[in-house]
Amino acid sequence: MSDTATRRPGESVFDRLEPLLPQVQKPIQYVGGELGAVTKQWDGAAVRWALMYPDAYEVGQPNQGVQILYEVLNEQDDVLAERTYSVWPDLEALLREHRVPQFTVDAHRPVGDFDLFGVSFSTELGYTNLLTALDLAGIPLHAADRDDSHPIVLAGGHAAFNPEPIADFLDAAVLGDGEEAVLEITDIVRAFKAEGSPGGRDELLLRLARTESVYVPRFYDVEYLPDGRIQRIVPNRPDVPFRVHKRTTMDLDAWPYPKKPLVPLAETVHERYAVEIFRGCTRGCRFCQAGMITRPVRERSITTIGDMVENGLKESGFNEVGLLSLSSADHSEIGAVTHGLADRYQGSNVSLSLPSTRVDAFNVELAEELARNGRRTGLTFAPEGGSERIRKVINKMVTEEDLIRTVVTAYSGGWRQVKLYFMCGLPTETDDDVLQIARLAHEVITTGRQTTGSRDIRCTVSIGGFVPKPHTPFQWAAMADPETIDRRLKALRDAINSNRSLGRAIGYRYHDGRPSHIEGLLSRGDRRVGRVIEHVWRDGGRFDGWSEHFSYDRWVAACDAELPALGVSLAWYTTRERQQAEVLPWDHLDSGLDSDWLWADWQDALSEVEQDDCRWTPCFDCGVCPAMDTEIQIGPTGRKLLPLTPVNT
């Protein structure tokens with residue numbers, strides 16, 4: 001895309017970009033210069049990273065993973081890291097017309113000039129945006145076509161635990177926590193360049209592969225059986241590992257990032273200072289890939305959390321603090337954390353929020369601390385399944401009494417609206433399991449009215465389609481087809497509205513089954529799915545995570561065009577149940593979870609047998625701690641947060 005003959009590497013393209021911005025939507029998202037942003041001299045850097053979240057700025061900018069890596073890398077004197085996000089189709093067209101390349105928002109440098117192009121995937125529906133960025137950057141789509149002049153293209157994030165569908169487009173993938181991994185990769189690249197880049201691109205990739213935590217797809221061959229299943233995935237050279245292991249950062253107190261949070265210039269989906277109060281989850285929800293692949297549990301200490309909040313508010317000026325984790329109320333000292341922070345910021349305009357809270361972990365004291373400053377941020381609870389039976393299948397050990405008690409506690413604490421999140425299409429699910437959601441919602445409103453004496457209460461029922469994910473007990477499960485999902489969701493809507501008095505107090509939001517169906521293809525696909533992704537992209541596929549851009553018909557047509565010749569199909573990847581002996585596309589990528597344990601848990605799910613949380617009970621041998629040489633780290637620490645002069649922002 002770019003005119004490389006007339007400019008120096010690392011030279012800004014802003015003079016060519018700026019005239020285009022008045023012609024596009026939300027031009028400020030491409031300007032950069034946020035509080036907390038860093039720009040460095042190009043020539044003084046030994047290693048240069050372009051970091052991407054493959055979605056629009058408003059979604060990607062708050063992503064904490066990218067912000068952490070951006071800060072960790074830029075703290076190195078001789079390392080330069082800049083950010084790039086997906087450009088909207090209006091700007092994409094103009095960039096192509098005017099031959100302006102994909103650029104970073106920090107110094108508007110061409111992405112193709114960097115040493116490394118790291119892309120963090122939270123969802124597989126961002127894959128087409130990767131291809132747009134590569135193409136705009138002038139980087140060949142296929143890794144096999146790149147030479148020493150192109151950046152090393154790496155994937156990270158949860159989707160990197162099965163990068164096979166995008167293996168053709170990647171040079172490498174990094175599994176697990178990124179803080180230490182990016183520094184190790186940087187060291188390797190720095191040394192390689194200092195030696196004069198001996199052996200070129202292959203040698204650099206080989207050095208990365210030898211760390212055993214960086215997966216280089218080109219060094220592995222996939223062989224297939226006549227029926228389409230994978231026969232084996234094996235290294236095609238002797239000096240790379242058979243299995244690639246995830247990285248685990250154990251001492252979160254040693255990595256108190258972000259220290260200088262980026263404050264967006266344009267509107268974004270989250271505008272708050274977020275502290276990850278612990279990482280990992282051992283609740284054992286069988287659908288939850290994040291809970292499985294981020295094990296073991298590692299808590300940040302109460303004092304580090306307090307220090308991060310104090311510093312982060314000073315640096316950013318935000319007036320909301322989000323205490324993040326997969327289930328924030330599970331922190332062993334959550335009561336002391338929220339009480340201490342509420343004490344510190346009482347009388348200021350700073351509010352606290354727990355964006356992810358389990359039904360059975362929320363209580364009156366927690367509600368009071370979160371509301372101490374008068375602001376009641378949104379409360380979302382996730383029972384996930386409508387019936388007691390299906391909650392046993394998914395190991396979401398939440399009773400109906402838990403749910404009613406918790407929601408009524410919130411109503412009594414002054415909240416007037418709560419959001420309840422459920423899934424549709426879960427393994428073994430029946431129509432009745434889904435209709436139980438309506439009964440639960442009615443019960444929530446009825447009990448809430450009786451308890452508060454007010455009719456001014458509401459709940460929003462939000463339904464997402466279930467997608468089986470790699471490295472979970474449900475990785476072998478068949479997906480429900482979109483027609484079944486849509487039929488159940490329509491029946492649920494009718495059931496909610498069957499009582500008009502209660503139905504008026506219940507909001508109902510759902511996604512139809514079609515995007516989940518494609519996400520299912522991408523999450524459990526293998527290398528053959530890469531040609532489907534490329535087909536969709538060449539046919540105009542962009543921003544597939546956005547309902548207004550997603551086209552189910554385009555994906556189905558691409559599958560019909562590309563897969564039959566390979567003996568597989570969209571249904572083969574999605575609605576087919578796998579057997580234990582089948583080689584899965586991610587079997588050579590080690591999340592630490594023992595495959596036999598996952599299978600046993602899958603069988604327990606089918607038998608509606610629940611599994612305890614190993615934080616509080618004896619180890620049940622999922623395999624992570626011994627395989628990764630890690631351990632669960634939880635409090636209590638016995639420390640307390642000391643009072644501070646309130647921050648008036």
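Evaluation of the side chain to side chain donor-acceptor pair (under 3.5 Å) test over residues 63-72, restricted to residues two or more places apart or in two chains, returns Y70-D106.
Side-chain N/O atoms of S213 and H245 include no donor and acceptor closer than 3.5 Å. Side-chain N/O atoms of W546 and D55 include a donor and acceptor closer than 3.5 Å. A donor-acceptor pair shorter than 3.5 Å can be found between the side chains of D544 and W555. Side chains of S551 and D553: a donor-acceptor N/O pair is absent below 3.5 angstrom, by distance only. A donor-acceptor pair shorter than 3.5 Å can be found between the side chains of Y573 and D526. Using modelled atom types and a 3.5 Å distance limit, the side chains of Y57 and S86 yield no donor-acceptor pair. Inspection of the H142 and E534 side chains reveals an N or O donor paired with an N or O acceptor under 3.5 Å. Side-chain contact annotation: Y85 with R83, donor-acceptor N/O pair under 3.5 Å present. No donor-acceptor contact under 3.5 angstrom links the side chains of E11 and W42, judged on distance only. Using a 3.5 Å distance cut-off with no hydrogens or angles, the side chains of W49 and T186 do pair a donor with an acceptor. Looking at E180 and T249, their side chains do bring a donor and an acceptor atom within 3.5 Å of each other.
Distance alone, capped at 3.5 Å, is enough to place a donor-acceptor pair between the H471 side chain and the F161 backbone. With R201 contributing its side chain and H150 its backbone, the two residues share a donor-acceptor pair below 3.5 Å.
Screening F103, F117, F114 for a side chain to side chain contact (heavy atoms under 4.5 Å, CB included) involving T84 leaves a single residue, F117. Under the side-chain hydrogen bond (donor to acceptor under 3.5 Å, both in side chains) test applied with D113, the options R48, R8, R7 reduce to a single match, R7. For the side-chain hydrogen bond (donor to acceptor under 3.5 Å, both in side chains) with Y257, the qualifying choice from E179, E276, E75 is E75, the only one to do so. The one candidate from F219, Y215, F242 that meets the ring pair (Phe, Tyr, Trp, His ring centres under 6.0 Å) condition with H588 is Y215.
By the side-chain hydrogen bond (donor to acceptor under 3.5 Å, both in side chains) test, R542 pairs with E92, T132, sequence neighbours left out. For E212, the side-chain hydrogen bond (donor to acceptor under 3.5 Å, both in side chains) test picks out no residue, with sequence neighbours left out.
Taking a 6.0 Å sphere around NZ of K40, one finds it holds more than 12 heavy atoms contributed by other residues, nucleotides or ligands. The environment of R207 atom CZ is dense: over 12 non-hydrogen atoms of other residues, nucleotides or ligands sit within 6.0 angstrom. In the displayed structure, Q25 atom CD is contacted under 6.0 Å by at most 12 heavy atoms of other residues, nucleotides or ligands.
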- Message: Would V583 and R232 count as a side-chain contact (heavy atoms from CB on, under 4.5 Å) here? Give the steps.
- Response: CA-CA 7 Å; V583 176; R232 61 178 191 159; 5.6 Å; no

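Contact check for I166 versus F121: side-chain heavy atoms found under the 4.5 Å cut-off.
Note that CD of E519 is 10.5 Å distant from NE2 of H511, once rounded to the nearest 0.5 Å.
Between L522 and N162, the closest heavy-atom pair is O-ND2, 4.5 Å.
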